[in-house]
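Below is one structure, written out as structure tokens, with a few remarks after it.
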Amino acid sequence: MSLMIPDYVVDLRRGIESDEIVPYFQPLLELRTGQLIGFEVLSRWKHPLRGMVPPDEFIRMAEDAGLIGQLMEKVLLHAFSTMRRLPEYLRLSINVSAIQLRDRTLRRQVCLAAEQAGFSLKRLTVEITESALVGNIEHARTITEELKALGVRIAIDDFGTGYSSLRHLHALPFDEIKVDRTFVQTMLSRRESRKIVAAIIGLGQSLGLTTVAEGVEGEAQADMLLWMGCDLGQGYLYGRPVSDKRLERFVLEQKKATRREVGRPPNSEDATFQMDALPSQRLSQLQAIYDGAPVGLCFLDRNERYVSVNKRLAEMNNAPIVSHLGRTVAEMIPEFYVFLGPYIKRAMNGEAFSGLVFRAARADGVVQVRSTSYQPTRDEAGEVVGVSVAVVDITERESAEVALRESEIHHRYAVELSPQVPWTADAQGQIIEASPQWTVLTGLGRDESMGMAWTKAVYPEDLVGARERWTHSIKTGELLDVEYRVRTTEGKLHWMRARAAPRRDDSGQIIRWYGTLEDIDDYKRAKEELREAVARLHGVFDAVPVGIVIAEAPSGRIVMGNPQAEAILRHRILETPDVTSHEEWVMFHLDGSRVATEDYPLVRAVVRGEASGAEEFLYLCGDGVKRRVSLTAAPILGQEGEIIGGVVTIQEGKD
Ligand code: G
Ligand code: G
Ligand code: MN
């Protein structure tokens with residue numbers, strides 16, 4: 001009886017023996033630094049007739065035909081030999097299948113190949129797919145323990161796709177967890193995927209495992225993963241699997257590439273956070289800051305319930321921390337909630353508020369003044385998940401505020417006579433005071449000018465810009481300086497310049513903005529007229545049929561030369577230095593003797609204020625030819641009769 005061997009098995013055996021199955025290498029990078037840390041081996045069958053056959057098609061086949069051991073031997077030896085040529089710090093991951101995990105010879109195979117290739121097993125990670133563990137835990141445990149004893153790291157692959165993932169994670173001594181690429185690929189578009197990825201990374205962190213994300217295809221994913229605390233990334237963003245030949249070049253290019261700082265988490269400017277610290281350390285640092293802060297802090301969920309409260313806020317609310325948790329703001333501080341409720345709701349919709357000041361009598365009769373800030377807190381995709389609250393008790397500071405208000409009243413009387421329009425705004429940029437000048441100028445009543453109502457007087461074309469600049473200053477504390485047009489009572493447009501500076505309290509918080517509004521219409525118009533006059537003058541100069549050169553006094557610096565002057569003298573006038581010192585303005589008397597510089601008509605005009613009639617000279621032109629020119633010069637005098645410059649007209653002489 002002969003045993004029939006199927007064709008594909010014959011083909012596969014031939015393929016293995018003639019080295020058609022080769023390792024490809026896909027890079028793994030550290031997300032935080034962008035540094036290359038190693039590769040995963042992905043096998044490829046370069047079939048002479050079928051072309052590139054993917055592993056899904058031949059690994060199963062090799063297992064069924066009992067050829068997986070042979071195949072693995074070849075691929076391992078090839079991969080290990082390739083790695084030996086690369087720097088020691090680069091690691092290698094290999095995949096093992098379910099059948100291989102049942103095979104007690106796996107350990108020997110790996111050892112032999114490593115020895116033959118001179119590859120250290122400390123550089124090796126073995127990836128075990130979840131599905132390989134089903135019904136196989138005991139064997140898998142024995143084999144992984146043997147491998148670990150050799151210094152090999154063990155990873156759980158495609159995590160989240162298998163059956164009883166958590167049980168497996170618990171059963172074996174894993175070092176690494178690889179989040180399945182189906183979650184990573186959809187994490188930007190699907191909330192569920194995002195939450196699953198975040199949860200797997202959190203789980204890995206809390207178990208002390210290295211977390212790896214597969215299937216990273218874009219920067220946005222990489223940034224989000226980094227923010228979630230994921231350690232390593234793998235995917236098309238960093239590179240597709242490459243052959244051994246292209247691997248060395250890839251490593252070289254990676255080394256040369258300037259390291260990109262992979263996207264930073266939102267709080268990275270905050271020096272308090274040690275970004276190098278492990279996420280768990282970061283968390284305890286945060287907790288310490290939170291508890292020790294001199295301001296009241298809490299986090300509210302979407303139902304306005306306290307999720308966390310720090311000591312200071314508990315003190316302010318006169319209730320222990322635990323009695324806050326799970327209760328709503330309305331329940332805990334009803335006397336403040338009356339005012340705060342609407343702001344909390346708006347914060348849940350994404351608006352941020354800072355320095356909202358409210359005064360109320362607590363249940364125990366104590367009157368408090370509180371300055372409260374609300375910051376919406378968003379998840380990785382920008383969805384508001386709750387509100388962070390900061391509260392400062394300013395009851396004592398309030399007396400200072402009263403004093404400030406009184407001085408503002410004095411200030412108001414004092415400045416009413418000023419030609420400028422003074423104004424005051426609160427920290428949010430709402431106008432709380434403006435000089436009656438404003439009413440005179442715009443015809444808007446006092447009440448129509450408070451808050452943001454001033455914008456009604458601004459010329460629509462200038463409004464967006466003006467408002468943007470103001471918002472920017474409020475946000476950053478930068479001085480305001482902006483120009484815009486205002487419609488006056490007579491219906492005219494007037495250019496105004498608004499300037500303002502913030503005033504801060506002892507803690508550096510902005511409490512007021514003091515500003516002035518200046519009518520710059522005359523100035524603007526004068527500037528515009530000057531510009532027009534200069535343009536007209538240039539027009540005239542360019543059109544006259546004679547050459548004109550103007551120099552400044554007393555330096556003799558050339559400030560203008562018209563095209564006709566350049567045409568006659570044949571050199572560029574403006575590029576020529578001072579006429580009083582320059583040797584290249586060379587002229588001769590008609591008798592051939594050289595004219596001394598101080599006798600040039602223009603120099604006499606600039607230096608001595610002398611006017612001269614048409615005088616004839618031989619001028620050494622730019623092309624080296626002496627030509628007869630007729631020069632007429634005159635000084636330019638200032639309002640006090642002082643010499644401010646000189647002008648010379650140049651005409652071609654008759655030879
Ligand atoms: O490249 P991709 O199509 O490359 O790989 C598909 C699957 O095949 C992956 O899930 C990977 O785990 C598996 N795989 C790739 N190479 C090998 C190998 O050499 N041995 C085993 N057992 N599985 C592999
Ligand atoms: O062993 P594992 O199942 O993790 O195999 C990795 C598989 O994923 C291989 O088939 C590999 O070619 C593929 N792969 C690797 N990176 C990406 C990626 O960024 N996008 C997609 N779609 N597939 C990837
Ligand atoms: Mn894998």
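Just so you know, ligand 1 is whichever comes first in the structure, and atom 1 is the first atom listed for that ligand. Positions are given from 1 along the sequence. Model, not experiment: these values are computed from the prediction.
The distance criterion of under 3.5 Å between nitrogen or oxygen atoms is not met by Asp158 with respect to ligand 1. Taking any N or O of Asp157, backbone or side chain, at least one lies under 3.5 Å from an N or O belonging to ligand 2.
Ligand 2 has at least one atom lying under 4.0 Å from a heavy atom of Gln185. Within the 4.0 Å heavy-atom shell around ligand 2 one finds Glu40. For the pair Gln221 and ligand 2, no heavy-atom separation below 4.0 Å is found.
Residues Arg104 and Glu146 are paired through a salt bridge, judged by an N-O separation under 4.0 Å between the basic side chain and the carboxylate. Salt bridge status for Glu20 with Arg14: present, with a side-chain N to carboxylate O gap under 4.0 Å. The pair Glu40-Lys178 meets the salt-bridge criterion, with a side-chain N (NZ, NE, NH1 or NH2) lying under 4.0 Å from an Asp/Glu carboxylate O.
Taking 2.8 Å as the criterion, Asp158 does not count as a coordinating residue of the Mn ion (ligand 3), since none of its N, O or S atoms falls below it. Taking 2.8 Å as the threshold, Asn95 counts as a candidate ligand of the Mn ion (ligand 3), since one of its N, O or S atoms lies below it.
For atom 10 (O) of ligand 1, the nearest protein heavy atom lies 4.0 Å away or farther.
Asp157 contributes OD2 as its N, O or S atom closest to the Mn ion (ligand 3). Considering just the N/O/S atoms of Glu40, the one nearest the Mn ion (ligand 3) carries the name OE2. Atom OE1 is the N, O or S atom of Glu127 at the shortest distance from the Mn ion (ligand 3).
Counting heavy atoms under 4.0 Å from ligand 1, residue Ser97 touches it through both backbone and side chain. With a 4.0 Å heavy-atom cut-off, ligand 1 is reached by the side chain of Gln100 but not by its N, CA, C or O. Residue-level proximity to ligand 1 for Asp56 is carried by the side chain, the only part with a heavy atom below 4.0 angstrom.
The shortest contact between atom 4 (O) of ligand 2 and any protein heavy atom is with Glu214 OE2, 2.6 Å. Of the protein's heavy atoms, Tyr236 CE2, 3.3 Å lies nearest to atom 17 (C) of ligand 2. Nearest protein heavy-atom contact of atom 21 (C) of ligand 1 is Asn95 O, 3.6 Å. Leu42 CD2, 3.9 Å is the protein heavy atom nearest to atom 5 (O) of ligand 2. Looking only at heavy atoms of the protein, atom 14 (N) of ligand 1 is closest to Pro55 CB, 4.0 Å.
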*asked:* Apply side-chain hydrogen bond (donor to acceptor under 3.5 Å, both in side chains) to residues Asp157 and Thr129 and explain how you reach the verdict.
replied: CA-CA 4 Å; Asp157 204 359; Thr129 328; 4.7 Å; no
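For ligand 2 and Gly235, the ligand atoms under 4.0 Å from any heavy atom of the residue are 16 (N), 19 (O). The Ser43 neighbourhood of ligand 1 comprises atoms 15 (C), 16 (N), 17 (C), 18 (C), 19 (O), with distances under 4.0 Å to a heavy atom of that residue.
Taking only non-hydrogen atoms, the option from Glu217, Arg181, Arg44, Gln26 nearest to atom 12 (O) of ligand 2 is Arg44.
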